Amino acid sequence: MRKTLLALLGAAAVLGTIATPASATTRETREFVGHGSSDFGLELIYARHDARNRATWAGFTDCEEYDKILFPYNATVYWRCTR
């Protein structure tokens, strides 16, 4: 009787861990846009700084730049961030 009870409890424990979804954290992804302008060629640096500040204020630290638009004296960067 005791062996049967232990076997059933063991099987329930194994099935319970398999049947329950893993408690993995959900990843949140957001996109941020940074704008910068400069007469001295620093517009891209300013745009990246703007995007980084927006992402940091929202609590995102893992970011990648996936697009940028450069005009004379103006730049826009697009960042995709996850947390």
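What you see is a predicted model, and the numbers here were worked out from it, not measured in a lab.
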For residues 36-43, dump all side-chain donor-acceptor pairs below 3.5 Å to protein atoms at least two apart in sequence or in another chain.
from  : atom 1 : to    : atom 2 : distance (Å)
Ser38 : OG     : Phe40 : N      : 3.0
Ser38 : OG     : Leu42 : N      : 3.4

Let me have the donor-acceptor pairs involving side chains of residues 54-62, under 3.5 Å, with sequence neighbours excluded, atom names and distances please.
from  : atom 1 : to    : atom 2 : distance (Å)
Arg54 : NE     : Val33 : O      : 3.2
Arg54 : NE     : Asp50 : OD1    : 3.3
Arg54 : NE     : Asp50 : OD2    : 3.2
Arg54 : NH2    : Asp50 : OD2    : 3.4
Thr56 : OG1    : Arg52 : O      : 2.8
Asp62 : OD2    : Thr82 : OG1    : 3.3

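Rounding to the nearest 0.5 Å gives a distance of 10.5 Å between SG of Cys81 and CD of Glu65. Taking CG from Asn74 and CD1 from Ile69, the interatomic distance works out to 11.0 Å, rounded to the nearest 0.5 Å.
Counting heavy atoms of neighbouring residues, nucleotides and ligands inside a 6.0 Å radius, atom NE2 of His49 does not exceed 12 of them.
When hydrophobic clusters are built by joining Ile, Leu, Val, Met, Phe, Trp and Tyr residues whose side-chain heavy atoms come closer than 4.5 Å, directly or via intermediates, Tyr66 is not grouped with Leu70. In the hydrophobic clustering of ILVMFWY residues, with side-chain heavy atoms under 4.5 Å counting as a link, Leu44 and Trp79 come out together.
The disulfide (SG to SG under 2.5 Å) pairs that include a residue from residues 28-61 number zero, where partners must be two or more places apart or lie in different chains.
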